[in-house]
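Just below is one structure, and these are the notes that go with it.
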Amino acid sequence: MTALLVIAKEPRPGRVKTRLTPPFTPQEAASLAEASLADTLEAVAATPATRRILVLDGEPGRWLPPGFDVVPQCAGGLDERLADAFARCDGPALLIGMDTPQVTPELLDVDFTDCDAWFGPAEDGGFWALGLAGPDPALLRGVPMSTPVTGAVQRERLTGAGLRVRDLPRLRDVDTAADAHAVAALAPHGRFAARLARCTAVSAPYTRPVTGVDSSSAAPR
C-alpha cells in the first residue's frame, strides 16, 4: 500500500482562499476552505494506506479526523515544502492538496506495480496529485509553482528522470468563485457543496418583496 499525504493550510480568514474574496468575505472563504479540507481528509481516511499524513501550515482543528499524523510544513517555497513532505516517506507515497473536495477514495487508491509515478493534472495548468514509488525530493525542487506551466514542467521532470508515469483524471482546483460552483456541482452531497450553498445564500443581496406595487416607485423603508 501507499502513504497518503495532504498538504494544507489551517483554514483561517485572510490566510486561505483569498481569490474567493470577493464575492465572499474572508470568513466565508475560510469556511469554504475548511469544508474543502474536511471532504479531502474524509476521502483520504477512507482510502487504504500504510500511513496518512497531514502536512500542515498552522494548527489542526475540529475538521481533522482520527488516524492522521500531523507534521509541520517546512519554510520555503511550495516546491521546497512538497519536496520536504516526500522526504518524510520511505516508501510509495501519493500527495494531494486541499483544493479538490470532489476527490474520491477510488482516485486515491493507486497501484505502483507497473509505474514509478502517478500524476494528476489540474485544469489550471498545475497538478492536484503526485505519487512516487520511490520518493525523491529532488524531483520537485526548482519546479516553478502556481504558474500555467507548473504541471507540464513537473511531469517533464518525472519523465526526464526516466520514470514510468501514469496519469490520473484531470480535476479542477477551487481557486475562484466559478471554480467553487463547478466543483460543488461535481460533488453535490459533500460538506463543500453544502457550505457553498449557505455562503451563497448569505452573500446574495436581499430584496424585500413588494406586493401589488411597482417596485421602481415604492418608497424606501
Side-chain angles (χ1 to χ4, degrees), residues 1-9 33-56 60 63-71 73 78 81-137 139-140 143 150-151 154-155 157-159 161-174 179 182-194:
M1 285 192 294
T2 301
L4 296 176
L5 303 96
V6 179
I7 188 162
K9 284 184 178 181
E34 179 179 325
S36 178
L37 178 55
D39 281 344
T40 301
L41 294 175
E42 181 177 67
V44 171
T47 306
T50 56
R51 186 183 178 195
R52 298 176 183 87
I53 307 169
L54 176 62
V55 187
L56 185 64
W63 37 263
L64 179 65
F68 283 79
D69 297 327
V70 180
V71 299
Q73 291 185 26
L78 181 55
R81 287 178 279 141
L82 295 177
D84 181 71
F86 276 108
R88 298 172 183 272
C89 302
D90 56 7
L94 178 72
L95 181 145
I96 66 172
M98 61 182 285
D99 300 333
T100 51
Q102 73 273 41
V103 74
T104 63
E106 290 74 23
L107 287 174
L108 300 178
D109 191 10
V110 297
D111 184 354
F112 286 96
T113 301
D114 298 317
C115 68
D116 306 302
W118 284 91
F119 183 77
E123 288 191 8
D124 63 2
F127 59 93
W128 67 270
L130 179 62
L132 298 172
D136 180 359
L139 291 170
L140 293 107
V143 173
T150 293
Q154 181 63 75
R155 197 182 190 287
R157 180 72 71 86
L158 302 176
T159 57
L163 302 185
R164 298 168 298 165
V165 182
R166 295 186 65 181
D167 290 310
L168 291 160
R170 185 179 302 272
L171 295 187
R172 184 169 183 167
D173 287 332
V174 174
D179 294 332
V183 168
L186 296 173
H189 304 298
R191 294 179 183 84
F192 181 78

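- Between Phe86 and Pro135 the shortest heavy-atom distance is O-CB, 3.5 Å.
- Side-chain contact check for Leu94 versus Leu5: every heavy-atom pair is 4.5 Å or farther apart.
- What you find for Leu4 and Leu108 is that their closest heavy atoms are CD2-O, 4.1 Å.
- Scanning all heavy atoms of the two residues, the minimum distance from Leu54 to Ala8 falls at CD1-CB, 4.0 Å.
- The CD1 atom of Ile7 sits 6.0 Å away from the CG atom of Leu95 when rounded to the nearest 0.5 Å.
- Counting heavy atoms from C-beta on, the side chains of Leu139 and Leu158 come closer than 4.5 Å.
- In this structure, Leu163 and Ala117 approach most closely via the heavy-atom pair CD1-CB, 4.3 Å.
- Remark: Trp63 CH2 to Thr40 OG1 distance equals 11.0 Å, nearest 0.5 Å.
- Separating the CD atom in Glu42 from the OG1 atom in Thr47 is a distance of 10.5 Å, to the nearest 0.5 Å.
- For Arg51, the side-chain hydrogen bond (donor to acceptor under 3.5 Å, both in side chains) criterion is met by Asp69, not counting sequence neighbours.
- Pairing each heavy atom of Ala187 with each of Ala193, the nearest pair is O-CB, 3.4 Å.
- At a threshold of 4.5 Å between non-hydrogen side-chain atoms, the residues Leu140 and Leu130 count as touching.
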**Message:** Does Trp118 form a side chain to side chain contact (heavy atoms under 4.5 Å, CB included) with Thr2? I'd like the steps, not just the answer.
**Reply:** CA-CA 12 Å; Trp118 284 91; Thr2 301; over 6 Å; no

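- In this structure, Arg157 has no side-chain hydrogen bond (donor to acceptor under 3.5 Å, both in side chains) partners at least two apart in sequence or on a different chain.
- Counting only distance, with no hydrogens or angles, the side chain of Glu123 and the backbone of Asp179 share no donor-acceptor pair below 3.5 Å.
- Asp116 pairs by the salt bridge (charged side-chain N to carboxylate O under 4.0 Å, His left out) definition with Arg164, not counting sequence neighbours.
- A donor-acceptor pair under 3.5 Å is absent between the side-chain atoms of Gln73 and the main chain of Ala85, judged by distance alone.
- Taking CG from Asp124 and CG from Leu171, the interatomic distance works out to 11.0 Å, rounded to the nearest 0.5 Å.
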**Asked** Does the pair Leu41 and Leu64 meet the rule for a side chain to side chain contact (heavy atoms under 4.5 Å, CB included), with working shown?
**Response** CA-CA 7 Å; Leu41 294 175; Leu64 179 65; 4.1 Å; yes

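- In this structure, Ser36 contributes its side chain and Met98 its backbone to a donor-acceptor pair below 3.5 Å.
- Atoms CD and CG, from Gln102 and Leu107 in turn, are 8.5 Å apart once rounded to the nearest 0.5 Å.
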**Message:** Using side chain to side chain contact (heavy atoms under 4.5 Å, CB included), reason through Val110 and Leu168 one step at a time and then give a plain yes or no.
**Reply:** CA-CA 9 Å; Val110 297; Leu168 291 160; 4.2 Å; yes

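- For Arg88, the side-chain hydrogen bond (donor to acceptor under 3.5 Å, both in side chains) test picks out Asp84, with sequence neighbours left out.
- Judged by distance alone, the side chain of Arg155 and the main-chain N or O of Asp167 form no donor-acceptor pair under 3.5 Å.
- Listed by chain and number, the residues in a salt bridge (charged side-chain N to carboxylate O under 4.0 Å, His left out) with Arg170 amount to none (sequence neighbours excluded).
- Shortest non-hydrogen contact noted between Cys115 and Ala133 is O-CB, 4.4 Å.
- Side chain of Asp39 to backbone of Gly190: no donor-acceptor contact under 3.5 angstrom is found.
- Taking Thr150 as the reference, Thr147 meet the side-chain hydrogen bond (donor to acceptor under 3.5 Å, both in side chains) condition, with sequence neighbours excluded.
- Here the side chains of Trp128 and Ile96 are in contact, with some heavy-atom distance below 4.5 Å.
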